[in-house]
Amino acid sequence: MSYDPAQSETRWQAAWDAADSFRALRDERPKYYVLEMFPYPSGRIHMGHVRNYTMGDVVARYKRAQGFSVLHPMGWDAFGMPAENAAMEQGGHPRDWTYANIATMRDQLKPLGLSIDWSREFATCDDDYVHQQQSMFLDFLESGLIYRKSAMVNWDPVDMTVLANEQVIDGKGWRSNAPVERRELTQWFFRISDYSGELLDALDGLDGWPEKVRLMQANWIGRSRGLQFAFETVNAPAGFDRIEVYTTRPDTLMGASFAALSPDHPLIKALAAERPDIADFCAECRRIGTTEEAIETAEKLGFDTGLTVRHPLDPTWELPIWIANFVLMDYGTGAIFGSPAHDERDHEFATKYGLPIRATFGPQGATLEQADALVADGPFVPLKSEPVTYVRGFAGAADQTGEVAVAAAIQHAEAAGYGEGVTKFRLRDWGISRQRYWGCPIPVVHCETCGTVPEAKENLPVLLPADVSFDIPGNPLDRHPTWRDTVCPKCGGAARRETDTMDTFVDLSWYYARFTAPHAATPTVAEDADYWMNVDQYIGGIEHAILHLLYSRFFARAMVKTGHLPEKSTEPFAALFTQGMVTHEIYLTRDDRGRAVYHLPEDVTDGKLADGRVVEIIPSAKMSKSKKNVVDPVNIVENFGADTARWFMLSDSPPERDIEWTASGAEAAHRFLARLYRQAETVAEGAEDPDLTRAVHRAIDEVTRAIEGFAFNKAVAKIYEIANTLGKSPAGGESRKWALRTIAQLMAPMVPHLAEDIWQLAGGQGLVVDARWPVADPAMLVDDSVTLPIQINGKRRAEISVPKRYAQGPRSRLLSSPTKPCSVSWMARPSRS
RNA sequence: GGGGGUGUGGCGGAAUGGUAGACGCGACGGAUUCAAAAUCCGUUUUCGCAAGAAGUGUCGGUUCGAGUCCGACCACCCCUACCA
């Protein structure tokens, strides 16, 4: 028999199924919950999935062998636009498309031999999941966590839907790539901004998260401390006596030269109604505001309204009110004061429109004249921590840092009563309304008499109607009278259903909790959540560092508040690991017009096509269909077996870094597995080889530490090493079999099928999947005799072999020599190799 | 503009402040074979026949000793961006 992955992988998967090995059970063992971000059922699994789920599987199997009761589930992120787009393009129903894809992908995933408890599988579009999510929505609504407001939204004219700020990239829709327009719509919002401070502060406690992700979230939440105060207007229309302004640099108040308002500011809107020139300017700003060139070139546009405001520190000092396209209505108050001397943007604006530029401070020791001269050509913007000299100060000392001056200015404003210190966050409330069909319906009705009324819980789930068509853009729910028209649960009168559905990020914000009790009649079950939560290790792509993870952290808090999760689940993910992408070279040739023509990897051999043409090679790019640099995992599994794909995914590159898939690497992985299989088959007579025994113990120690540290590439290297050692060892009989069995155990998390083969060939009892993780004997980790390198002035000059007991003690000595002193040192640890 | 990260052989990458280049790929040589594939045994940082010397982006510093710590610079990558 030779290594036959097709046959043996099927066999061992059947054996695990028969033994129900991976069912997650609540018992007396300590629990371990490992979760990989679940896939969107696009239709086929790709190499990124293989890498993600292999890593999770290594952790799951390793923890299982260590005696933990492991929860390792799988499900489907099944709502979303691609299903609807497919229905539009090819006909059919999004539900059918989605469930067919799930079936295909499940069939592709299962041969990988992942230790998943498939009994917990669900899709977010399952009626049951929709039901529980709607039920929680009603609880959140009742707790005041959800509200409805009219808001300017980002409207994607192609997908005909609202986008979250986060889904707008460079002014374009994240999916359609169409320039986003602004529209005013009544929308449902989650009050995530109420939790801004908490979500930010709690980042400090997430020790198991990458620093990078914590930073990205902190920047996204964006806390700033500043002064909010009001300008008194001079000749503004009635109702606009005061204009609220927010600034993080109140210390520059004496350098103010103008007030700038957003084109969307209420005062400007009021003026625009009267004045066509202002209306025209605002329309122009809106148009430019969403195109990509505007963001690139960022030209500052302003319009002088002719109105003025009084300076808060000097009522006789009037500042002009300008409309400025760079002032955003949804940050701060939509109004600022311009301080051109100390702000790049304000300086550009003031220069363009001939507004005064007055320095508030200059370099230490500067006079008023020097400071003013300095800022004439450009703004003076030192670090806030740098001491400067205030030449137009009004609070605190003349010589102080910006930080101190800001605090003093806030104190001054509060004492004098013209303003107060406030902390603001960049984080907006989370708008979840989507004008799409294929999502979780928002369980609310609009009644003519009672207004907006939550659907009664006994009427849940509100399921999507099946008879819909996608031949015209827009939301089919809007034009489905029998579904849309309903009765008010409060008064029984005629009412209309809410036709918006929820952002799919809502579905993703609690699936990890649902896995703890996936088929329960309530969203969660206290005992199950209490036992399984939190997720001990979460694994996924860095692209979810902000949105998904931040929303989930908010959602967990909302679930704690509404009693759906225990208090300890405020932070649901104890540890997070973000894995790198799978990349591949891109192969292309040029057509007669010089345009790129891409070629599939299987069509290229040694840099040439079958017809002999040489291809251009672009190194390491993310696998993408359009560039044709994709390798289908299904083919790899068919040709080499799942273990080869898994082994390659774990070798070479550290898990957090990108890995380049190469055909030669995959073949090498396969060769190694086959060689090891042959070694296990070979019956060798012989005695114990103490060197091998020691090497095996060392391997146990090193592989264990590598897996613990998420350094799977090092674990793989150590297994290569011990396999090479075994190949050269004269050991035979039981001692050799023990070595083989131990190697099988060490490999089992990575290549579980081959591990079972070897375990069996080497006389292991039962399944290796049920074997307890081996423990290294500390006494075997040190050699009796060690080779110590001798350094002279840090350079290796010699090595000596000494009995272990002499390899202790001082590490270096300073010696005198006839010419100059030199240091001789020796390492108190054994030589490598 | 702001924030973060990374620079080590031909390549992916190893190295608790203590022998730089583990392990793998590729390449080269040999064995086996009629031949090839597969397999097995070697060699493979550079210069040098050798002894030896140099060597972790560049320049400095700390240290008996620096890929690792500190400072400056260079290059590349990622994220983010009119945030008042």
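Lettering follows sequence order; numbering is per chain, from 1.
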Charged N to carboxylate O below 4.0 Å: is that the case for A/Arg698 and A/Asp701? no
Salt bridge between A/Arg214 and A/Glu211, side-chain N to carboxylate O under 4.0 Å? yes
From the options [options], select the nucleotide whose nearest atom is closest to the side chain of [X].
X        : options             : result
A/Arg426 : B/A81, B/G4, B/G13  : B/A81
A/Leu328 : B/C23, B/C83, B/G12 : B/C83
A/Trp220 : B/A14, B/C40, B/U80 : B/U80
A/Tyr720 : B/U80, B/G24, B/A14 : B/G24
A/Arg678 : B/C23, B/C40, B/G13 : B/C40
A/Ala717 : B/C23, B/C25, B/C40 : B/C23

Using a 4.5 Å cut-off on heavy atoms from C-beta on, say whether the side chain of A/Ile192 contacts that of A/Leu199. yes
Any side-chain heavy atom of A/Met329 sitting closer than 4.5 Å to one from A/His265? yes
Taking the six-membered ring for Trp, are A/Tyr3 and A/Tyr677 parallel (under 30°), tilted (30 to 60°) or perpendicular (over 60°)? tilted
Report the relative orientation of the aromatic rings in A/Phe710 and A/Phe712; use parallel for angles under 30°, tilted for 30 to 60°, perpendicular for over 60°. tilted
For [X], report the nucleic acid contact type (base, sugar-phosphate, nothing); a contact means any heavy atom under 4.0 Å.
X        : value
A/Val245 : nothing
A/Asp346 : nothing
A/Tyr246 : base
A/Leu215 : sugar-phosphate
A/Ser664 : sugar-phosphate
A/Glu660 : nothing
A/Asp343 : nothing
A/Lys714 : sugar-phosphate

With [atom1] as the reference atom in both, quote the distance from [N] to [M] in angstrom, rounded to an integer.
N     : M     : atom1 : answer
B/G9  : B/C47 : P     : 14 Å
B/A15 : B/U6  : P     : 14 Å
B/C77 : B/G24 : C1'   : 25 Å
B/G10 : B/U43 : C1'   : 16 Å
B/G17 : B/C11 : P     : 27 Å
B/G1  : B/U8  : C1'   : 33 Å
B/U32 : B/G42 : C1'   : 15 Å
B/A66 : B/U56 : P     : 11 Å

Pick the closest RNA chain B nucleotide for A/Phe337 and for A/Ser653 by heavy atoms, then say which residue is nearer the 5' end. A/Ser653
When rounded to the nearest 0.5 angstrom, what distance separates CD1 in A/Ile243 from CG in A/Leu267? 5.0 Å
Using 0.5 Å steps for rounding, measure from the CG atom of A/Leu200 to the OG1 atom of A/Thr423. 10.5 Å
Does OP1 or OP2 of [N] have a side-chain N or O of [X] closer than 4.0 Å?
X        : N     : answer
A/Arg345 : B/C83 : yes
A/Asn219 : B/C83 : no
A/Arg671 : B/U39 : yes

What is the distance, to the nearest angstrom, from the [atom1] atom on [X] to the [atom2] atom on [N]?
X        : N     : atom1 : atom2 : result
A/Arg657 : B/C11 : CZ    : C1'   : 14 Å
A/Asp652 : B/A22 : CG    : C1'   : 13 Å
A/Asp701 : B/A22 : CG    : P     : 21 Å
A/Arg705 : B/C23 : CZ    : C1'   : 16 Å
A/His347 : B/G1  : NE2   : P     : 17 Å
A/Gln217 : B/C79 : CD    : C1'   : 13 Å

I'd like to know whether A/Arg553 forms a side-chain hydrogen bond (donor to acceptor under 3.5 Å, both in side chains) with A/Gln217, so could you lay out the CA-CA distance, the side-chain angles of the two residues, the decisive distance to 0.1 Å, and finally the verdict. CA-CA 11 Å; A/Arg553 296 179 60 222; A/Gln217 292 218 350; 2.8 Å; yes
How would you label the glycosidic angle of B/G65: syn (within 90° of 0) or anti? anti
Would you write out the dot-bracket form of RNA chain B, 5' to 3', with Watson-Crick and G-U pairs under 3.5 Å, [ ] for crossing pairs, | for pairs to other strands and . for unpaired bases? (((((((..(((.....[....)))((((((.......))))))(((....)))..(((((..]....))))))))))))....
Could you go step by step and tell me if A/His342 and A/Phe361 meet the ring-ring contact (aromatic ring centres under 6.0 Å, His included) rule? CA-CA 9 Å; A/His342 306 293; A/Phe361 51 79; 3.8 Å; yes
